[in-house]
Number of protein chains: 2
Amino acid sequence: MTSIPSHTPQYMWIKAQLLQRIQSGALKKGDKLPSERELCTIFNTTRTTIRESLSQMEANGLIWRSDRRGWFVAPERLWLDPTQNTNFHQLSREQGREPQTTLLSGTLTTVPVEAVEALQLHPFDQIYLLTRLRSVDGRAVCYCENHCLPARVPELLSHDLNGSLTEVYETHYKLIYTSMHLSFYPTAMPAQAAQPLGVMEGRPALLLRRLNYDQYGRVLDLDIEYWRHDSLRIEVDTH
Amino acid sequence: MTSIPSHTPQYMWIKAQLLQRIQSGALKKGDKLPSERELCTIFNTTRTTIRESLSQMEANGLIWRSDRRGWFVAPERLWLDPTQNTNFHQLSREQGREPQTTLLSGTLTTVPVEAVEALQLHPFDQIYLLTRLRSVDGRAVCYCENHCLPARVPELLSHDLNGSLTEVYETHYKLIYTSMHLSFYPTAMPAQAAQPLGVMEGRPALLLRRLNYDQYGRVLDLDIEYWRHDSLRIEVDTH
DNA sequence: GTTTTCCTTTGGTATATACCAGATTTATAT
DNA sequence: ATATAAATCTGGTATATACCAAAGGAAAAC
């Protein structure tokens, strides 16, 4: 099929074909696409070309890959209004999804360089560092690193950290998330987040960095979250 | 160099090498990278591998490509606080950048389907549709589609639309952007935006959709913006 | 029935090569 | 000097092929 250059690349045409299958409902959310090699024979081309189509649809957030398992039609994005103080669990349930948080690690360590300034600490101060994995409907969507101040939340590690941190803060320390500074932009998935999310290092990702303040206006913690780039949408209402 | 599988792919190593050149300042913002073919000989590999490294660094927002001209080190992101009512020109200048807006087209047309509901119109109502291109420091970063209501801004097209719409609204119609509903997420660059931005269709992009209200709480217009994914960062402060 | 082992499938990585089209530069003609 | 044409450089697209590693399922051993 090298005859007609046709000005629109082949991978575009293939992309359009796959898109139609999704939009028509022939392929539903969660469905597995044919394997790359099957698609090669279906569209009579090579994996390089097929993978170009798939990569672009992945960038679009339409499909996602599970390493060595295949390509799947992506579910709806979760949406977040950063000006509302809803936590992950509330938010998910309100949107009819089933949230889950699992603690990957919780340690007392020296504050990472990138967090020193935000937390107003000295270079070798200690913090609680929690790494947690968040899933919606069984699919891992977010890897979080919580940098918490021992001064605010002593003995933090003795509590159950598999749920909402907000609630732990409130019930055990009488501290309430009151305001925050949030930063949000697309970047590439770093190694530590890639592993637990089952995403390849270097693929598109969303970085959400949140510096939280308590009801007294003091810095409470720094939350660095890496989201699957196809799983989150920011919605802000300034009414 | 196929000897040691080493568990970390070759493109990662190349990526790290290039990254070092950027971080050390050997390659400065705006600089052109060696051509893909040159990189092939430098790192003794093929274009497929080199392009994998480059694509990932592009996803990272570290470098960008100018079609058939080469790869360049990316400038700083512009940042935007959607809760502040600063327009593009203010915002850019405050951040020490030189903004520019050029009108690509301005017409009175039937409202696009995706805008009907938001603008509370009927399927065949007319709107002013402006398409504009925004640049910072000479680099196109954003393609906007403004869907404006003739009821609010009659004879809109008779004004100069190469600057700030905010100002046109204010000076000619006494209308002020007061609140908005904003939606923000990564997606792929659509054809109409790809062309003027000089980005390839299907590459990662940021979609920013903004429904604006005037001082009377009425819908004013719908703004759909496609940003280069490496050029914008959202910052929200809830203090 | 349960565990272990092996095979198959799947995506991940990589080489080698080729041609195209737009952008840029150089050479040429005016 | 300027305009025009040609050569060259660059990324964009595509084919063909190969091997690897992890995931999943099937077969074998217990």
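Worth saying up front: this structure is predicted, and the values here are computed from it rather than measured. Below, chains carry the letters A, B, ... as their sequence lines are ordered, and counting in each starts from 1.
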Counting only heavy atoms not in E117(B) (residues, nucleotides, ligands), do more than 12 fall under 6.0 Å from its CD? no
Between R139(A) and D230(A), is there a side-chain N and carboxylate O pair less than 4.0 Å apart? yes
Would you tabulate the pairs of protein nitrogen or oxygen atoms and nucleotide nitrogen or oxygen atoms of nucleotides 8-13 of chain C closer than 3.5 angstrom?
from, atom 1, to, atom 2, distance (Å)
dG11(C), OP2, E36(A), N, 2.8
dG11(C), N7, R37(A), NH1, 2.6
dG11(C), O6, R37(A), NH2, 2.9
dG11(C), N2, R68(A), NH1, 2.9
dG12(C), OP1, R65(A), NH1, 3.2
dG12(C), OP2, R51(A), NH1, 2.7
dG12(C), OP2, R51(A), NH2, 3.3
dG12(C), OP2, R65(A), NH1, 2.9
dG12(C), N7, R47(A), NH2, 2.7
dG12(C), O6, R47(A), NH1, 2.9
dT13(C), OP1, Y11(B), OH, 2.5
dT13(C), OP2, Y11(B), OH, 3.3

Could you tell me how far apart L39(B) (CG) and dC9(D) (C1') are, to the nearest whole angstrom? 14 Å
Atom-pair distance (NZ on K15(A); P on dA14(D)), nearest Å: 12 Å
Hey, are N162(A) and T102(A) close enough side-chain-wise for a donor-acceptor pair under 3.5 Å? no
Exercise: do T101(A) and R132(A) side chains pair donor with acceptor under 3.5 Å: no
Donor + acceptor pair across side chains of E145(A), Y143(A) (<3.5 Å): yes
